[in-house]
Number of protein chains: 4
Amino acid sequence: MGRKTTIIETATRLFAQKGFAEASTAEIAETAGVAHGTLFYHFKNKQGIIQEIFTRAGSVYLRELRKSIAEYNTGMRQIEAALRFNEEYSRHHSQEILIFLRIFPDQLKGDAQSPEREFIDSIQQQVIAILHESLSAGIADGTIECRDIEETACVLNSLIFGVTHMSLMAPRYTPSLSEGAIAFCRQALQPSACAGKK
Amino acid sequence: MGRKTTIIETATRLFAQKGFAEASTAEIAETAGVAHGTLFYHFKNKQGIIQEIFTRAGSVYLRELRKSIAEYNTGMRQIEAALRFNEEYSRHHSQEILIFLRIFPDQLKGDAQSPEREFIDSIQQQVIAILHESLSAGIADGTIECRDIEETACVLNSLIFGVTHMSLMAPRYTPSLSEGAIAFCRQALQPSACAGKK
Amino acid sequence: MGRKTTIIETATRLFAQKGFAEASTAEIAETAGVAHGTLFYHFKNKQGIIQEIFTRAGSVYLRELRKSIAEYNTGMRQIEAALRFNEEYSRHHSQEILIFLRIFPDQLKGDAQSPEREFIDSIQQQVIAILHESLSAGIADGTIECRDIEETACVLNSLIFGVTHMSLMAPRYTPSLSEGAIAFCRQALQPSACAGKK
Amino acid sequence: MGRKTTIIETATRLFAQKGFAEASTAEIAETAGVAHGTLFYHFKNKQGIIQEIFTRAGSVYLRELRKSIAEYNTGMRQIEAALRFNEEYSRHHSQEILIFLRIFPDQLKGDAQSPEREFIDSIQQQVIAILHESLSAGIADGTIECRDIEETACVLNSLIFGVTHMSLMAPRYTPSLSEGAIAFCRQALQPSACAGKK
DNA sequence: GATGAATGAGGTTTCATTCAT
DNA sequence: CATGAATGAAACCTCATTCAT
């Protein structure tokens, strides 16, 4: 495994544990077992490390989310899959997710139109788009009913974000939310029962 | 207005805008119009400032949330009120909320049992307890139906957190979620329509 | 007891425990139970406190040393008394002595002709003078024999200083030295045994 | 000569002149001709500098003391050599000795079992052990007579400390004590004259 | 490709001292 | 007499970054 990859993995771990400002480049280098200067040979600066982590993690997440949803063929099942995938993913890739949850906010300084911000926004947009698609599919195949697709996609996205945040940041009092959240969403999205019974 | 209050207000603004690590004590002092040393006369250290902000903001938020809910008499309306209150509150107290969203994560270093962590956890617990109460009331008065009250309260708490986060941190592409979220929850919580129709 | 005395006693204790630079005026005030500003009402500045401690302690020490020696009527017994007094005194007034041992050195910045330095030197001179007097008396009364009175007085003074320092600063491995030192000195000072026997 | 050595030498000079607290890291760096930050690259912190000075100076002192004593073959001459060595050494290495005399006390905060304290104690112990050995040798070869070897070694150690302190800290009124101290000790330690004469 | 010594700007904090009350 | 809020200079230390090797 190349030095660059080692650095990225070490940095991911440290950033997730301690936060961006609190993990110094010297510590990253030492933990990764490379010289301090080596960091700056492979990356322009400290920002560059986190940017690469963001970029890699973001694209992996999106790819796997899409793959995971693609296995199901009704809209409702896809939405459920998205929620389940998210719990699974945040369990197995907790460090990448923690980085998003922890460092994310600090990257969004003021309202500046930074490239980081655009990248992050773009990921959110894609997640919302994926949910939108599944909702549309669900409406088409009769497994879902909802007022406004776009709005519902945003709400779902927020719910996913909130649930992930809670289970990673405050797991002590917050038991696994996934099944609860899935039940909640199924209830909210399923077509009116009476209509179906008639 | 005392110097201490001035410092707290200035620090709140700066922390919300730039984050904890990025707002220097020198800048806070200068912006507040006091000498640098004055900060450390009134607060033990930089942490002490954010702690006081947390404590004050947390208790105000909880008090107003309770008051806002108390105006309604069915469980469902209370839940709706909680969601609406949250949107309203995060619009008018965006700085305090931003501090919670931004600095929060960085306060939770590792799994250490820090007083900050306990304070933050305690707020979450109280919010969940409030929601729990309204859900119980709703089940009693027939306006709500749900699988597991505790679980649902946690899901609702996560949803509130997610929606608030999205609307403050990424407002550009995320239109006001409140009404969408309310509709979503109402759908998820309302008693099965058929039963009612029969 | 007046506030000024309280301050002096508290400062003595703290300076002895922690050193001059390490005991802050704020801590002295708090421990003494007075307001921070009160210190600077009674003393010109921090230096002023230690100066007053020095002055008081120095004159008390000299007075008691003289009194203690005066009880004996041969030179040798006076020297022994001086050594015994010193051990006794450093046990009962360890804080004042510690201040001399600890803060002393730091007061003697470079070779500047500071008033502190002159005061300290003057105490040393007086101790040496007292020893000188006893040695002379001892030679006159035949209990002491020595090469050079002035020189011997200086050696004795150094020995007293060294013994006191060791027993206060490194008591762990240095058992009570007084009796050993007295025997040592008696041996060094007593007239040649043969001469006496003849 | 490496930068680290330069820093140590500069710091030794400044600490000896002004004391530990009074010599600022900025001043040390400037005087040494290196950047302020360089200090903290080579040493953990300010304490770290003085610790290294202590360690180096302590081991040099002990080595040379041993070498200096080894040249003589009777116990009495070894003791004399120790006293002479000390005067010589404190004249040529006055800065290191001044550091011990000045900073020493401040390192011994309270009764804490700090590593500095242990190091300092260990040096004292070794000096006492060396004196002990010479006293034993002297008793064996008939050049020395004394009540209690251990006790006498401690007294001698205290005397050496006191004499060194006086001649370095208050040289103005205290002429070279070495010969006086040697005569004093010879007198105290030599075997009873009569026994010899008989 | 990789290193690590060196940097210096900037951060937090301490603290003796002042002064209006 | 006494206070304590306020000060600001100066301290120690951190750390991202550079650069000669």
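To find a chain, count down the sequence lines: A is the first, B the second, and so on, and within it residues start at 1. What's counted below: heavy atoms across the whole structure, side chains too, no hydrogens, waters or symmetry copies.
- Rounding to whole angstrom units, CG of residue C:L39 and P of E:dT18 are separated by 13 Å.
- Residue contacts for B:T38: at a heavy-atom cut-off of 4.0 Å it reaches a base atom on one of the strands shown.
- Nucleic acid contact class of B:T25 (heavy atoms, under 4.0 Å, all strands): base.
- F:dT7 atom C1' lies 13 Å from atom CZ of C:F40, rounded to whole Å.
- In summary, of the residues considered (B:T12, B:T10, B:L39), a side-chain contact (heavy atoms from CB on, under 4.5 Å) with B:I49 occurs for B:L39 alone.
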As a check on the pairing definition, encode DNA chain F in dot-bracket form, counting Watson-Crick and G-U wobble pairs whose two distances are under 3.5 Å, and using | for partners outside this strand.
.||||||||||||||||||||
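- F:dA6 atom P lies 8 Å from atom CD1 of B:I7, rounded to whole Å.
- Of the candidate nucleotides E:dT7, E:dG1, F:dT3, F:dT3 has the atom nearest to the side chain of C:A35.
- E:dT13 atom P lies 13 Å from atom CZ of B:F43, rounded to whole Å.
- Of the residues near DNA chain E, B:E27 and C:S24, the one whose nearest nucleotide (by heavy atom distance) lies more toward the 5' end is B:E27.
- At a threshold of 4.5 Å between non-hydrogen side-chain atoms, the residues B:F15 and B:K46 count as touching.
- In this structure, the side chains of C:F54 and C:I123 stay at 4.5 Å or more apart for every pair of heavy atoms.
- C:I7 contributes atom CD1, which lies 5.0 Å from atom NE2 of C:H42 (distance to the nearest 0.5 angstrom).
- As a whole-Å value, the separation of D:R3 CZ from E:dG8 C1' is 13 Å.
- Nearest-nucleotide positions on DNA chain F place D:A26 closer to the 5' end than the other of A:G37 and D:A26.
- Counting heavy atoms from C-beta outward, C:F43 and C:I8 have side chains that approach closer than 4.5 Å.
- For A:K46, whose side chain is taken as the heavy atoms from C-beta onward, the closest listed nucleotide among F:dA16, F:dC12, E:dG1 is F:dA16.
- For B:N45 and F:dC13, the CG to P distance is 17 Å, given to the nearest whole Å.
- When the C1' atom is compared between E:dG1 and F:dT21, the two are found 13 Å apart, to the nearest whole Å.
- A:R102 places a side-chain N or O within donor-acceptor distance of the main-chain N or O of A:Q17, the cut-off being under 3.5 Å.
- The existence of a salt bridge linking C:E9 and C:R13 is excluded, since no basic side-chain nitrogen approaches an acidic carboxylate oxygen closer than 4.0 Å.
- Distance NE2 (D:H42) to P (E:dG8): 14 Å, rounded to an integer number of Å.
- A straight line from NZ of A:K44 to C1' of F:dT18 spans 14 Å, rounded to a whole angstrom.
- Side-chain nitrogen and oxygen atoms of A:Y41 include none within less than 4.0 Å of the OP1 or OP2 phosphate oxygen of E:dA2.
- For the pair B:K4 and D:H36, both in contact range of DNA chain F, the more 5′-proximal nearest nucleotide belongs to B:K4.
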